[in-house]
Structure formats: C-alpha cells, structure tokens
Amino acid sequence: MHAIEIRETGGPEVQQYVEKPGPGQPGEGEILVGLAAAGVNFIDLYRREGRYPLPVPCVPGEEGSGTVLATGPGVTRFKTGDRVAWTTVLGSYAERVLVPEDKAIIVPDGIDLRTAGGVLVHGMTAHFLAHDSYPARAGETVLVHAAAGGVGLLLTQMLKRRGVRVIGTVSTAEKERTARANGCDEVIRYTETDDLAAGVRALTGGEGVHAVYDGVGAATFDASLASLRTRGTLVLFGGASGAVPPVDVMRLLWGGSLTLTRPYLEHFRATVEEFEARAGAVFRGLLDGTLTFTVAGTYPLAEAHRAHTDLASRATSGKLLLVP
C-alpha cells in the first residue's frame with residue numbers, strides 16, 4: 001500500500017510518500033479499513049513538528065473514513081462493507097488503516113465518505129466547546145477566533161442555534177464574508193487593528209465577552225484574556241500560531257476572577273457511548289441542514305506536505321482532506 005511516513009520530526013518536507021507492506025489482518029477488537037479520505041488537522045502539524053509526542057518512524061494522521069475490509073476477533077459493532085469514520089487513530093495517512101473498534105462509528109446514509117472523513121474532529125471539537133467547555137446561553141456574547149476556520153465555522157453555527165451573539169476574528173475580507181455567512185454577528189479583522197481587545201469591548205458596551213474560544217494560541221492569548229468580562233472564561237483549545245508560554249495564574253485574578261481551561265477532544269469522547277452521542281449530534285446536524293460543513297481543499301495523499309503548508313498558512317477556510 002501507499003502511505004505517508006515520517007522518520008524524523010520537522011517541517012512539512014519530512015512527510016515521505018512511500019510504498020510499504022499493508023497492516024495485515026485486524027487483531028482483537030480491530031477493523032481493517034480501505035481509506036476514502038483522511039482529515040488534516042492542526043494536531044497532525046503539532047505531532048510532525050515534535051510539539052506533541054510522536055513515535056518515529058510512523059505513519060501520521062489521526063482522522064479518516066472508508067469501507068471496512070475485514071474485522072478482527074471480538075468485533076461486534078461492524079461488519080465487512082460498512083462505511084465508517086474514526087478519530088484519534090494514528091496511522092490514518094495510508095491507503096489501509098487498522099482502526100480500534102471503539103474509535104470508529106458508522107457513517108449514516110446521506111453523508112458521503114469524504115465529508116465523514118473530515119467532519120468528526122472539527123465537528124466534535126465544536127460540539128464540546130459549545131456544550132461542555134463553556135456552554136454559552138441565549139443572550140450571551142462570545143468571541144470566536146479564526147471564525148472562518150474549520151472549527152470556527154461549525155462552532156459559530158452551533159452557538160447561533162443556541163441564541164448566542166458571536167463576534168468572530170478573521171484575517172481577510174473574504175474570510176469575513178464566510179464568517180458572516182455562517183452566523184457571525186460581528187467580525188473583527190485582526191490584521192487591521194492594533195488593539196483587538198479594545199475592538200471587542202467597543203462591541204460589548206465596554207464589558208467584554210462572556211467567553212473566548214481560542215484555537216490560535218500564542219498570537220491571541222493576551223488579547224483573549226483582555227477581551228473577557230468579569231468572571232469570563234477563556235477556552236484555549238489549540239495553538240495554530242504557537243504554544244502559549246506558562247501563565248501566571250494571578251493574571252486571572254487581576255483580569256476579573258477569570259477562568260482558563262485547556263480541553264482536548266479525547267477527554268470529551270472517552271467512552272463509546274459519549275463518542276456515538278457527540279458524533280451523532282454532528283451527523284444529525286448535517287442531515288437536517290442545521291450544520292453546514294465546508295471542505296476547503298482536497299489533496300492527493302502524496303501531497304500531504306502541501307496540505308500541511310496550506311493549513312499552517314491559515315489561508316484556508318474549512319477542512320483539508322487527503323485522498324488516496
């Protein structure tokens with residue numbers, strides 16, 4: 001089979017398109033899947049760079065979809081021919097992937113495999129942000145950074161369904177149009193302001209927002225804290241611009257008894273039941289039209305390096321996919 005292989009951490013160029021033996025027959029509790037699409041996520045970049053632990057050499061990628069080719073002993077939830085999607089399975093940038101049964105879910109009729117291969121990480125992340133990390137209520141105002149990005153678009157839609165006022169940040173006029181089309185009430189272009197927090201406060205009568213959802217990290221962290229109202233919450237869920245340095249917790253006191261949380265998807269899909277409920281909510285939103293999912297780009301598996309470069313540039317709006 002063909003796959004992407006990383007033999008050392010580094011830049012996008014360390015991803016090599018190689019031919020290698022397939023993974024073999026599935027073991028206890030595993031399914032063997034023929035890849036339809038692999039989602040490209042910032043965690044893939046963090047692992048490739050060495051920010052998150054990565055055993056090398058290895059096949060990267062953690063999200064995808066495809067058709068079950070074989071099932072291992074003890075598998076009860078899937079059979080050969082089933083259409084499935086999965087998350088947090090290292091080795092997904094390959095034509096065939098061994099997937100633990102508890103990491104996969106059936107793709108409903110009406111959702112194509114390419115959509116399923118890219119929507120779960122972004123969709124479930126948006127779901128736990130809006131419903132668990134800070135369950136914003138109708139009438140509250142929140143700030144969503146990178147509102148035209150993959151998570152930002154879905155998160156905005158989920159928040160608007162709950163009657164929340166959303167202020168989004170973007171970098172370009174095109175992204176502003178995208179963010180507004182997906183529900184942002186107000187948009188700030190961070191490339192055109194020297195004081196993002198002041199802009200947020202101007203839109204909230206000087207009070208600040210109830211919560212900030214920040215997947216950008218180092219470049220926005222200070223402005224995120226400064227944008228919060230008293231007893232506001234900063235949900236830091238990523239570091240697209242780099243990791244946030246260690247924080248003096250007294251900043252939370254002086255900022256107005258603020259709350260800071262750093263969630264991770266794996267902790268919000270810790271059981272099969274929770275995974276199916278959260279993924280099911282995303283799939284139902286797609287099927288009933290209350291959620292719109294945007295694929296920003298589809299790349300051949302061999303061009304994983306180009307997909308990583310484009311994602312890191314933050315020039316895209318929506319999800320990037322790799323296809324065999």
Side-chain angles (χ1 to χ4, degrees), residues 110-111 115 118-190 196-197 199-205 207-216 220 223-224 227-229 231-238 240 259 261 263 265 268 277-296 314 316-319:
I111 296 179
T115 294
V119 76
L120 283 186
V121 167
H122 284 174
M124 291 198 299
T125 297
H127 191 273
F128 80 68
L129 292 174
H131 294 82
D132 298 277
S133 294
Y134 184 82
R137 298 183 293 270
E140 292 187 336
T141 300
V142 302
L143 177 66
V144 175
H145 284 302
V151 173
L153 291 172
L154 290 167
L155 176 57
T156 297
Q157 294 173 56
M158 291 182 188
L159 292 167
K160 293 305 299 178
R161 284 164 57 183
R162 306 183 73 178
V164 178
R165 180 184 181 221
V166 178
I167 301 171
T169 67
V170 300
S171 58
T172 66
E174 181 180 357
K175 287 191 173 186
E176 177 175 348
R177 287 190 290 271
T178 300
R180 289 189 184 276
N182 281 267
C184 275
D185 298 282
E186 307 285 353
V187 176
I188 298 174
R189 294 188 213 167
Y190 62 83
L196 177 60
V200 172
R201 291 192 175 275
L203 293 171
T204 56
E207 289 190 350
V209 293
H210 292 83
V212 178
Y213 301 95
D214 188 344
V216 177
T220 52
S224 293
S227 296
L228 290 168
R229 63 189 292 152
R231 301 201 323 239
T233 298
L234 171 52
V235 184
L236 179 68
F237 67 93
T259 297
T261 182
L265 174 58
F268 289 85
R278 208 174 292 282
V282 174
F283 285 148
R284 285 192 300 275
L286 294 176
L287 289 170
D288 66 21
T290 56
L291 286 180
T292 300
F293 175 65
T294 303
V295 175
R314 296 172 61 195
T316 60
S317 295
K319 191 63 178 264

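The first residue in the sequence is number 1, and the count goes up from there. Since this is a predicted model, take the numbers as computed values, not measurements.
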When Leu234, Thr233, Val200 are each screened for side chain to side chain contact (heavy atoms under 4.5 Å, CB included) with Leu228, the one that passes is Leu234
To the nearest 0.5 Å, atom CE of Met158 lies from atom CG of Asn182 at 12.0 Å
Say whether, by atom type as modelled, one donor and one acceptor occur between the side chain of Tyr213 and the main chain of Ser133 under 3.5 angstrom. no
To the nearest 0.5 Å, what is the distance between CG (Leu203) and CZ (Arg165)? 6.0 Å
Glu207 side chain vs Thr204 backbone, donor-acceptor pair below 3.5 Å: no
Side-chain donor or acceptor of Gln157 paired with backbone N/O of Thr292 under 3.5 Å: yes
Going from CG on Leu154 to NZ on Lys319, what distance comes out if it is rounded to the nearest 0.5 angstrom? 9.0 Å
Taking atom CZ of Arg162 and atom NE2 of His131, what is their separation to the nearest 0.5 Å? 4.5 Å
Judged by atom type as modelled, is there a donor-acceptor pair below 3.5 Å linking the side chain of Lys175 to the main-chain atoms of Val170? no
Chi angles and distances behind the side chain to side chain contact (heavy atoms under 4.5 Å, CB included) call for Val119, Val282: CA-CA 8 Å; Val119 76; Val282 174; 3.9 Å; yes
Minimum heavy-atom separation for Leu265 and Phe128, please, with both atom names. CA-CE2, 3.5 Å
To the nearest 0.5 Å, what is the distance between CD1 on Ile111 and CG on Leu286? 5.0 Å
What I'd like to find out is whether the side chain of Pro263 reaches to under 4.5 Å of the side chain of Val235, using heavy atoms alone. yes
How close do Glu176 and Val187 get, heavy atom to heavy atom, and via which atoms? CG-CG1, 3.6 Å
Check step by step if side chain to side chain contact (heavy atoms under 4.5 Å, CB included) holds for Val151 and Phe237. CA-CA 10 Å; Val151 173; Phe237 67 93; 3.8 Å; yes
Using the rule side chain to side chain contact (heavy atoms under 4.5 Å, CB included), only one of Thr156, Thr141, Leu143 pairs with Val166; which is it? Thr156
Thr220 vs Thr169 side-chain heavy atoms within contact, under 4.5 Å: no
Smallest heavy-atom separation, Ala296 atom then Gly318 atom, equals CB-C, 3.8 Å
Closest heavy-atom pair, Ser224 versus Asp214, reported as atoms and distance to 0.1 Å, is OG-OD2, 2.8 Å
Does the side chain of Leu120 reach to within under 4.5 Å of the side chain of Phe283, using non-hydrogen atoms? yes
Look up atom CG in Leu236 and atom NE2 in His145, then write down how far apart they are to the nearest 0.5 Å. 9.5 Å
Could you tell me which non-hydrogen atom of Phe268 sits nearest to which non-hydrogen atom of Arg278, and how far apart they are? O-NE, 2.8 Å
If you take all heavy atoms of Ala197 and Ser227, which pair is closest and at what distance? CA-OG, 3.5 Å
